[in-house]
Amino acid sequence: MKSILTICLLLSVTAYAQQPQQTRQTFLRSLLQKMTLEEKIGQLNLLTSDMDVTGPFMKENYKQDILSGACGAIFNAYTPQYTRMLQDMALKTRLKIPLLFGYDVIHGHKTIFPIPLGEACTWDLGQMERSARIAAEEASADGLHWTYSPMVDIARDPRWGRVAEGVGEDTWLGVQIAKAKVRGYQGTDLSAPNTVLACVKHFALYGAIEAGRDYNTVDMSRRQMYQFYLPPYKAAVDAGVATVMTSFNEIDGIPATGNKWLLTDLLRKEWGFKGFVVTDYTSINEMINHGIVKDEYEAGELALKAGVDMDMQGSVYATQLKKLVADKKISIQTIDQAVYRVLEAKYKLGLFKDPYRYSDSVKAKEVIMSPEKLKAAREISQRSIVLLKNEGGLLPIKAQGNVALIGPLGDSQRDMIGNWSAAGDFKKAVTLLQGLKAKNINVTYAQGANVTDDSVLLAKLNIPGGNAAAMEKEALDLAQRSDLVILALGESQGMSGEAASRSDIGIPASQKRLMEAVLRTGKPVVLVLMNGRPLTLEWEDKHVPAILETWFLGTEAGNAIADVLLGEYNPSGKLTMSFPRNTGQIPIYYNHKHTGRPLDPNNKYTSKYLDVSNEPLYPFGYGLSYTTFTYGDIRVSKKTIRPAEKLQVTITVTNEGNFDGEEVVQLYLRDVTASVNRPMKELKGFQKIFLKKGAKQDVTFTISTEDLKFYDRNMQYTWEPGEFRVQVGPNSRDVKEAAFIVTK
Ligand code: BGC
């Protein structure tokens, strides 16, 4: 129920915002003119509420700042009731400028979808847009205006826990997904009540931190940036993303948050970005630790001049900007520009018309976790699962008999929704045990082991440790009595994500011991993995007959995994990040460049290791199906094309197995000789097709010189004539190849 005071305020703001024929510009300019310097600075100050805290500290008296107009945006506050209560406070200020509410809606808001690295394995852009759309519908019904997503950091180092939040190692795929996500969140109209502002992050290069250790430093050539790391951010900008978040790392010696080249020259001037730039959590303050500035006064000056509009949680703008203006270090025009951008975002959302339009509890009840949304989550989760191994066709489960479900992740609701699961309610998540029971499987569960032997880590993860020997005994007794064992192993959700780097990315020793003991019983074993990053699985690949990678699939996890285990959905997911054989191979990625001494096993002095192959265990693009797809030879429409011509590349794919199924047909290109060293191959297209058993289909791709472009010796984005190879296949390794020439 709105209070009378609230209604009066609402009417006055509405009248104020809707003067006839008033354009956005004139409205915003006139508002800006009325603002004092303090009120302006308030609009650039973003603070976390106490509902949820996602960084090292929070400001206790943030509500006081809202009431005094010293804070224009809040994050980590949601629900219609809570946001309404805070908005009431903002509307008590002199100019009644509404608050903007942001939140990390990373893979769903209430209905939780697979972690982004898992969802990317669907290779289904429509489904990825759909989950963003649903997340925006739920978030906007729950008081929110702004999501801190998509995260588009290209990453080649699975030790970094935040690979869970991104879409893997490939630039081209990253570009397509970035666009789909922005479309999904923002729709075509930000003033629609069910869209939110998207925020592309972390700008830039956060995925390339050294040694995979979170918050570490980055050093990269311009060529590497432009060719491999920047395109997904640019794609989001081209798709109209409303906001950009700076990254914690430095770029070319200067932290992103104080980097004028990055935030102004590149982002605004070269790419034409028109929205506002927000920092990551306290990253202005952190420039002191970076050794770039001596205090917050200098940090604030550097950040604002570089192009940062809004300060997340650091209160540097709030405490320093006034003095910086008085000292003439910063002009009022620079401040006005930043304030204008923030107000413009609020205007576009329709907040000046109705500050409460996203805080409607009736709508929230209707929209949140509705049956269609859960259905979408289940479908997307099924498609995110990757079948890594299936010896002797053990899967799908045939004769059911007694099934033992063993492992610490088999019945753990909290783990199902993964990290960065925002406002997700894990008590609504379906575990694998529940999913199997819903299929009337005769299943019995035993935990078998602690997630890890490391009691300190267990405590940090908030997981109670049990008696390992007793758990193992119970599990082995159960295995002995059963016809089939499903092992649910991997990482607990808190073992990946932010501040969760690992130097050993294998299955933790406690679970490995359990797995070995269970295998010794001689029962058939299916390993269901749950984890937030590629793992090292050499041992498992050698000894376990069937392996299913299920990531953290979200609210419908258990149902989706059970659907796949029973063959009600034939798995079609393909990895978007290479799985190394051991951590010594990292960084490992499919689109590496040529060396001067390519691998030759018979020649000592070539590029290789003494103790491990150069190849990953499971390559980029890899994933099996219950059926067998075979690929014919590549047919190219011509051997030589002129620049304006297009080349058709066709391949016949046949479903030779016993199941209907989907296949992701992937196209890679290789530039044989160029003015700079080019990757051995690069993904340039894919098609996801459905084939009934016994059916075959011609799949055709069209290639033009656009697909051949790269940054040449002079850093021009262009293509060069010469010889190329086109490769098509079910993954980046097992491809068919043909050659073609492009003339001048
Ligand atoms: C993370 C961001 C996140 C922000 C707000 C930071 O620690 O790096 O990705 O959006 O917190 O929660």
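Since the model is a prediction, treat every value here as computed from it, not as a measurement. Remember, it's 1-based here, ligands and their atoms both numbered in the order they're listed.
- Atoms of ligand 1 found under 4.0 Å from any heavy atom of Tyr148 (numbered from 1 in listed order, with element): 10 (O).
- Here Asn285 contributes atom CG and Phe57 contributes atom CZ; the two are 5.5 Å apart, rounded to the nearest 0.5 Å.
- Between Glu138 and Lys110 there is no salt bridge, since none of the side-chain N atoms of the basic residue sits less than 4.0 Å from a carboxylate O of the acidic one.
- At least one N/O-N/O distance between His202 and ligand 1 falls below 3.5 Å.
- The two residues Cys71 and Ile74 make their nearest non-hydrogen contact at SG-CD1, 3.8 Å.
- Residue contacts with ligand 1 include Met245, since one of its heavy atoms falls under 4.0 Å from the ligand.
- At a threshold of 4.0 Å, the pair Asp88-Arg84 does not count as salt-bridged, since none of the basic side-chain nitrogens sits closer than that to a carboxylate oxygen.
- With respect to the salt-bridge test (charged N to carboxylate O, under 4.0 angstrom), the residues Lys59 and Asp311 do not qualify.
- Here's the thing with Arg162: one of its N/O atoms is less than 3.5 angstrom from an N/O atom of ligand 1.
- A salt bridge is defined here as a Lys NZ or Arg NE, NH1 or NH2 lying under 4.0 Å from an Asp or Glu carboxylate O, and Arg533 with Glu491 meets this definition.
- Of the N or O atoms in Glu165, none lie within a sub-3.5 Å distance of an N or O in ligand 1.
- Any N or O atom pair closer than 3.5 Å counts here, and Asn76 shares no such pair with ligand 1.
- For Phe248, the heavy-atom gap to ligand 1 drops under 4.0 angstrom.
- The backbone N or O of Thr48 sits nowhere less than 3.5 Å from a side-chain atom of Asn76 that would complete a donor-acceptor pair.
- Of all atoms in ligand 1, listed by their number and element, those nearer than 4.0 Å to a heavy atom of Phe75 are 5 (C), 12 (O).
- Of the protein's heavy atoms, Asp104 OD2, 3.2 Å lies nearest to atom 5 (C) of ligand 1.
- With salt bridges taken as basic N to acidic carboxylate O contacts below 4.0 Å, one links Arg159 and Asp157.
- Of all atoms in ligand 1, numbered sequentially from 1 with element shown, those under 4.0 Å from a heavy atom of Lys201 are 2 (C), 3 (C), 9 (O), 10 (O).
- Ligand 1 has no N or O atom lying under 3.5 Å from any N or O atom of Trp420, backbone or side chain.
- Summary of contacts: the protein heavy atom closest to atom 11 (O) of ligand 1 is Asp280 OD1, 3.4 Å.
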